[in-house]
Amino acid sequence: MNSDLVIKDLRVSVEDKEILKGVNLTVKAGTIHAIMGPNGSGKSTLAYTLMGHPGYTVTGGEVWYQGRNILELEPDERSKLGLFLAFQYPVAIPGVTVANFLRAAMNAHRAEEGKDPKETAIPMAQFRKQLREQMAALGIDESFARRYLNEGFSGGEKKRIEILQMAMLEPKMAIMDETDSGLDIDALKIVAQGVNTLYARHPEMGVLVITHYQRLLNYIKPHFVSVLMDGRIVREGGPELALELEEKGYDFLREEVASA
Amino acid sequence: MTMKTFPPLGEISDAMVIETSRAAGEPEWLTEQRAEAWRFFASAEPPYWRRTDLSKFKPEQVIAAADTAATSLYQEEDLADQGVAFTTLAQALRSHEALIRRYLGAAIEPTRHKFLALNAALWQDGVFLYVPKNVSVELPLTAVFSMPIPGGAIMPRNLIILDDGASVTFVEEYHSIAASDQAFAAPVTEIFLGNDSTLRFVAVQTWGEDVYHIGAQKARVGRGAALEWAAVNLGARVQHIEAETALEGDGSRVEWVAATFAADHQNLLTAPWLRHIGAKTEGHMDFKTVVKDQSYTTFDGMIKIEHQSRATVSRLEEHALHLSPKARSDSIPGLMIDTNDVAKAGHASTSGEVDEEQLFYMRSRGIPRDEAIHLIVMGFFEPVLDRIPNDALRQRIADMIEAKI
Ligand SMILES: Nc1ncnc2c1ncn2[C@@H]1O[C@H](COP(=O)(O)OP(=O)(O)OP(=O)(O)O)[C@@H](O)[C@H]1O
Ligand SMILES: [Mg+2]
């Protein structure tokens with residue numbers, strides 16, 4: 001079974017407007033792969049589509065992961081297959097505490113067909129311990145466990161909670177959509193360290209990092225960098241590509257694409 | 001179980017009401033009150049409520065209990081030596097007649113409609129709670145009302161009196177196992193909060209599926225007193241509850257939350273009124289409704305800021321969640337301001353299906369759709385469940401909600 005995420009000629013529309021116009025991209029298992037690109041180029045659209053957001057209509061192409069075309073799967077099935085999306089704009093769930101939400105998510109992952117969910121559920125003590133440890137590692141105050149998920153959280157707090165969820169669920173293929181935006185420099189380091197720790201623990205894991213800034217890539221070192229512009233991957237390279245973009249901006253690529 | 005009952009309502013006479021009261025050894029003033037209320041009931045037309053469907057309800061066939069048969073009281077500590085009275089209203093007539101005479105009917109006018117008069121005429125069940133000056137009761141006191149005979153009727157009359165500085169938690173619960181016969185409940189609860197007293201009041205309605213519940217509740221809140229009111233409405237075929245908080249004393253306040261969940265063909269109406277009368281009164285209402293299947297709910301609320309009130313703070317939130325396209329929830333919020341000195345008055349209202357973005361977010365974490373909806377609904381009601389003081393009751397209500405989703 002192939003643990004690479006293979007995106008083939010993916011076309012996606014939102015409300016009849018084509019946003020992704022044939023994306024080809026492979027995120028290899030065990031690698032960190034950055035996607036950069038100007039505002040509105042389709043990065044979040046790609047992330048949402050990979051996770052199965054119902055508002056995005058796939059009009060063409062395939063996405064292969066673990067031997068399946070995941071475009072045919074429900075979002076929860078994709079999650080159970082090992083996919084994870086850290087949202088650019090996490091959603092608040094009133095009345096559901098961070099702890100209860102995480103427990104429900106973990107138990108959903110542990111559930112097995114034909115088995116009593118009570119049997120497969122994570123023991124309470126083990127869950128609490130794991131949660132406490134991960135929260136401490138990410139510098140999240142313990143009181144957040146009892147707060148309602150993302151309700152009244154600051155931008156930076158939401159991002160940390162996204163990484164907390166990732167650390168607890170231990171995905172095999174993580175997509176991070178601008179997790180660095182809204183983070184101050186200390187928070188950025190802590191979050192990056194969280195990702196690096198998880199990656200070190202699971203070296204077979206793939207990570208797709210969507211970002212605008214080289215700054216994050218100083219802390220989460222990508223093996224590959226791809227540039228998405230106007231719904232297409234227009235350039236692929238190594239970490240040096242990110243530095244080049246930082247220096248020159250996107251305009252030089254725009255000119256290249258236009259003249260090609 | 002043998003139980004004393006009245007004949008069907010259609011066959012009761014004045015004389016019978018008077019006789020029953022006298023036979024129970026009730027004071028003459030009460031006998032007269034009952035007779036007068038009965039005459040009103042017998043002559044009044046049934047109320048016409050546009051949103052409460054009484055077309056299949058046959059009041060003349062109702063068989064009411066003629067004895068205290070449906071009231072169960074629970075308390076976890078002995079409170080007698082602190083002067084706290086927690087007993088049936090019938091019993092309390094022997095020990096606290098003067099208080100009862102002063103307060104009975106002093107909040108809710110029996111002639112507002114036919115069924116309130118019926119309650120005033122025939123009540124047998126009901127609780128009397130009196131907490132003396134500056135006495136604080138720690139553990140919650142609970143009154144549970146059940147239907148003593150299938151197809152029967154009960155009309156509990158509850159009188160809750162807190163003297164100045166007193167503090168207590170009181171839970172009233174209407175509960176039955178599903179009985180297929182049409183049954184009827186017409187409870188009335190009157191609450192009086194002395195100056196600087198605190199009441200946490202929890203009202204839970206979990207009747208079986210064929211009960212008609214026509215109830216009224218009113219709290220009169222004295223100076224500096226605080227009322228926390230949590231209502232849960234899950235049961236009954238038809239519910240029509242008129243509830244009122246009157247913030248009479250200066251600086252009095254109420255935190256009022258409610259959770260209503262209707263499914264199948266349930267028709268549940270709540271009409272909460274919040275009246276600001278004193279100066280610097282503060283009211284917050286947060287009413288949550290979930291509808292499913294072909295059910296129908298109504299929120300018929302009113303905030304009234306009266307002429308003499310000043311520097312009032314009032315906020316109403318009401319939200320409805322639709323779990324199926326055929327269900328219907330009506331919201332008719334009203335605001336009447338009769339003063340030009342309002343510090344803050346706000347209203348927020350939403351109604352709609354489960355949010356797709358929330359669902360997607362949860363599903364992206366592996367939580368299946370059905371379970372995500374469960375979590376969202378439980379979370380929606382959480383601010384209300386959070387106020388239920390007793391773990392076992394909270395769990396039971398949570399289980400009932402879960403089962404309904
Ligand atoms: N739900 C939607 N409705 C309408 N247009 C949408 C929707 N989602 C995305 N779009 C449009 O699709 C285009 C790509 O949006 P997307 O969010 O994918 O960009 P992005 O690369 O993530 O941008 P940013 O860097 O600002 O996050 C934009 O023009 C956007 O307005
Ligand atoms: Mg984006």
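The basis for the numbers below is simple: all heavy atoms, side chains too, and nothing from hydrogens, waters or symmetry mates. Each chain gets a letter, A, B and so on, in the order its sequence line appears, and its residues count up from 1.
- Side-chain N/O atoms of Glu76(B) and Tyr74(B) include no donor and acceptor closer than 3.5 Å.
- With a threshold of 4.5 angstrom between heavy atoms, Pro90(A) approaches chain B through its backbone and through its side chain.
- A distance of 5.5 Å separates CD of Gln217(B) from OG1 of Thr189(B), quoted to the nearest 0.5 Å.
- Distance check: Leu169(A) CG to Leu102(A) CG gives 6.5 Å after rounding to the nearest 0.5 Å.
- Glu173(B) and Arg396(B) are joined by a salt bridge, as a carboxylate oxygen and a charged side-chain nitrogen come within less than 4.0 angstrom of each other.
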Report the C-alpha separation of Arg51(B) and Thr298(B) in whole Å, then their side-chain angles, then the decisive distance to 0.1 Å, and conclude whether the side-chain hydrogen bond (donor to acceptor under 3.5 Å, both in side chains) test is met. CA-CA 7 Å; Arg51(B) 294 180 165 79; Thr298(B) 304; 4.5 Å; no
Chain B and chain A: which donor-acceptor pairs fall below 3.5 Å?
| from | atom 1 | to | atom 2 | distance (Å) |
| --- | --- | --- | --- | --- |
| Glu357(B) | OE1 | His53(A) | NE2 | 3.0 |
| Glu357(B) | OE2 | His53(A) | NE2 | 3.1 |
| Gln358(B) | NE2 | Ala92(A) | O | 3.3 |
| Tyr361(B) | OH | Asn150(A) | ND2 | 3.4 |
| Tyr361(B) | OH | Glu162(A) | OE2 | 2.3 |
| Tyr361(B) | OH | Gln165(A) | NE2 | 3.0 |
| Arg363(B) | O | Asp76(A) | N | 3.3 |
| Arg363(B) | NE | Asp76(A) | OD1 | 3.0 |
| Arg363(B) | NH1 | Glu74(A) | OE1 | 3.4 |
| Arg363(B) | NH2 | Glu74(A) | OE1 | 2.7 |
| Arg363(B) | NH2 | Asp76(A) | OD1 | 2.9 |
| Ser364(B) | O | Ser79(A) | OG | 3.4 |
| Arg365(B) | O | His109(A) | NE2 | 3.1 |
| Arg365(B) | NE | Gln165(A) | OE1 | 2.5 |
| Arg365(B) | NH1 | Leu85(A) | O | 2.5 |
| Arg365(B) | NH2 | Leu85(A) | O | 3.4 |
| Arg365(B) | NH2 | Glu162(A) | OE1 | 2.6 |
| Arg365(B) | NH2 | Glu162(A) | OE2 | 3.3 |
| Arg365(B) | NH2 | Gln165(A) | OE1 | 3.4 |
| Gly366(B) | N | Ser79(A) | OG | 3.0 |

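- No side-chain donor-acceptor contact under 3.5 Å links Lys292(B) and Gln266(B).
- Of the atoms belonging to Ala111(A), not a single heavy atom falls under 4.5 Å from chain B.
- Taken to the nearest 0.5 Å, the CZ atom of Phe360(B) stands 6.5 Å off from the CE atom of Met51(A).
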